[in-house]
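Everything quoted here is computed from the prediction, not taken from an experiment. Residues: numbered from 1 along the sequence shown.
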Amino acid sequence: MTARTAPQHGERRCYLRGCRRTECLNAHYRYMSRYRLDRQQGAGTRRIPAEPAAQHVQTLYEAGWTTGQIAVAAECADRTVADLLHRKNKTIRKDLAARILNARPTLAALPGATKVDATGTIRRAQALMAIGHSLTSIANAMGVSHYTVLGNILNGLRPTVTVATARSAASVYRKLAEVPGTAQRARNVAAERGWPPPAAWDDERIDDPTATPDWTGHCGTDRGWWMHTNQHLPMCEPCATAHEEWKAEHRALPGSGYSAALGRARAAASSRGVDIAHDGRELMRLGCDYEQAAARLGITRQHLQQELQRHPEKAAA
């Protein structure tokens, strides 16, 4: 169970246990004063419906996390997590709900045989195939069968994987994500199925089922739509939506004005990536690392790495 200290004098927890020493009475008084002030200022109740947190706990539990591991990630007691899992509480404190909803237990805390969501493993394998690594080479590097294990995972036949497999996939991905492979067939398969390359994924969110790839560094904008189009990248939904919004906003322009605006938008998207890649390389030749170069250019490190991969340096003639 998660270790918790015993209530100490001077804490409201001690008051709630029945202690009426002056310091415990003062702690309770301070709490109630803040509570009344919150209500008067419209901050609302300190307790909220427990169901969203309970659903998150259930999702983690079904993915293989134990109540103890969830409790560690949420910085709460095991019993609290168990009660939520069994829907024993209709409301919980706001701060507790926030911690539980943000809980993302790490693979390092789990035994190798524990089952976890396969999303991150699938995305990593797909991304490596998108840059030319064959399914066989990825499976061999992971130490698994490319047909019965990795093939079934990619085909959606295994919604969960063991922690050992997820760790292996993450390790292989770190080693190969910046090393182009030689398997053209793998590239073709990935292109046909719209699998994004490593540059489209944020390392911190690749395991998040709700995350979406950023193919262009500008996904979700009209510039992103043009970059998809100009570079023949699979179109993502955020960019498709953004372009439709752009057209709706500019539809009132006269025919020639609308065409001119389209041309300017396309031209801006065409040159921006090349300029970023060129300037980024120049800054790194002067001693900047990725983070420093990206900061100087006013972009994220991920965006800089995407443009460097999309616009490789041409060899001198």
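Residue M227 belongs to no hydrophobic cluster, having no ILVMFWY side-chain heavy atom closer than 4.5 Å to its own. With side-chain heavy atoms closer than 4.5 Å counting as contact, directly or through intermediates, the hydrophobic cluster containing L25 also holds Y15, L16. Grouping Ile, Leu, Val, Met, Phe, Trp and Tyr residues whose side-chain heavy atoms lie under 4.5 Å apart, directly or via other members, places W226 in a hydrophobic cluster with W225, M235, W246, L253, Y258, L262.
Closest approach of D78 and A71 over heavy atoms only: OD1-CB, 3.3 Å. The minimum heavy-atom distance linking T221 with A242 is given by the pair C-CB, 3.5 Å. Smallest separation of non-hydrogen atoms from A127 and P197: CB-C, 3.8 Å. When every heavy atom of A166 is checked against every heavy atom of T121, the shortest pair comes out as CA-OG1, 3.6 Å. The heavy-atom pair separating A74 from R99 by the smallest distance is O-NE, 2.8 Å. The minimum heavy-atom distance linking I131 with P198 is given by the pair CG2-CD, 3.6 Å.
Between the side chain of H228 and the main chain of P234, a donor-acceptor pair closer than 3.5 Å is present. Between the side chain of R281 and the main chain of L308, a donor-acceptor pair closer than 3.5 Å is present. Judged by distance alone, the side chain of N89 and the main-chain N or O of T91 form no donor-acceptor pair under 3.5 Å.
To the nearest 0.5 Å, atom NZ of residue K88 and atom CZ of residue R79 are 5.0 Å apart. To the nearest 0.5 Å, the span separating CG on L154 from CD1 on I138 amounts to 7.5 Å. From D289, atom CG reaches atom CG of L283 across 10.5 Å, with rounding to the nearest 0.5 Å. Here the straight-line distance linking atom OG1 of T59 with atom CD of Q55 works out to 7.0 Å at 0.5 Å rounding. Atoms SG and NE2, on C19 and H9 in that order, are 5.0 Å from each other to the nearest 0.5 Å. To the nearest 0.5 Å, atoms OG1 (T165) and CD1 (I153) are separated by 6.0 Å.
A heavy-atom distance below 4.5 Å is not found between the side chains of R167 and T162. Side-chain contact check for V144 versus S168: every heavy-atom pair is 4.5 Å or farther apart. A heavy-atom distance below 4.5 Å is found between the side chains of L96 and T80. Between H250 and D222, the closest side-chain pair of non-hydrogen atoms is not below 4.5 Å. Two residues are said to be in side-chain contact when any heavy atoms from C-beta on lie closer than 4.5 Å; T212 and C236 fail this criterion. Between E178 and Q305, the closest side-chain pair of non-hydrogen atoms falls below 4.5 Å. Using a 4.5 Å heavy-atom threshold, the side chains of R187 and P180 count as touching. When side chains are defined from C-beta on, L304 counts as touching I276, because their heavy atoms get closer than 4.5 Å.
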request  = Take S145 and L150 through the test side-chain contact (heavy atoms from CB on, under 4.5 Å) and record every step on the way to the result.
outcome  = CA-CA 6 Å; S145 166; L150 195 54; over 6 Å; no
request  = Just do the side-chain contact (heavy atoms from CB on, under 4.5 Å) check on V81 and Y61 with the steps written out, would you?
outcome  = CA-CA 10 Å; V81 176; Y61 187 77; over 6 Å; no
inquiry  = Applying side-chain contact (heavy atoms from CB on, under 4.5 Å) to E11 and E23, what does each step give before you reach the verdict?
reply    = CA-CA 8 Å; E11 297 179 345; E23 57 267 41; over 6 Å; no
query = Can you check side-chain contact (heavy atoms from CB on, under 4.5 Å) on D202 and D214, steps first, answer last?
reply = CA-CA 8 Å; D202 183 332; D214 188 344; over 6 Å; no
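Within a 6.0 Å radius of NE2 in H86, no more than 12 heavy atoms belonging to other residues, nucleotides or ligands are found.
Under the side chain to side chain contact (heavy atoms under 4.5 Å, CB included) criterion, D279 pairs with L297, sequence neighbours left out. Under the side-chain hydrogen bond (donor to acceptor under 3.5 Å, both in side chains) criterion, Q292 pairs with no residue, sequence neighbours left out. Remark: N102 pairs with no residue by the side chain to side chain contact (heavy atoms under 4.5 Å, CB included) rule, at least two apart or across chains. Shown here are the side chain to side chain contact (heavy atoms under 4.5 Å, CB included) partners of T210, two or more places apart in sequence or in another chain: R205, D208. Qualifying salt bridge (Lys or Arg N to Asp or Glu O under 4.0 Å) partners for R301, counting only residues two or more places apart in sequence or in other chains: E291. Applying the side chain to side chain contact (heavy atoms under 4.5 Å, CB included) test to P159 and every residue at least two apart in sequence or in another chain returns nothing.
Pairs engaging residues 130-144 under the side-chain hydrogen bond (donor to acceptor under 3.5 Å, both in side chains) rule: S134-S137 [sequence neighbours left out]. The list of salt bridge (charged side-chain N to carboxylate O under 4.0 Å, His left out) pairs with a residue in residues 129-155, not counting sequence neighbours, is empty. Residue pairs that meet the salt bridge (charged side-chain N to carboxylate O under 4.0 Å, His left out) test with at least one member in residues 243-256, sequence neighbours left out, are E244-K247.
With no hydrogens or angles considered, no side-chain donor-acceptor pair links N188 and E192 at under 3.5 Å.
Under a 4.0 Å N-O distance rule, the pair E51/R87 qualifies as a salt bridge. Between D207 and R124, at least one side-chain nitrogen of the basic residue sits less than 4.0 Å from a carboxylate oxygen of the acidic one, meeting the salt-bridge criterion.
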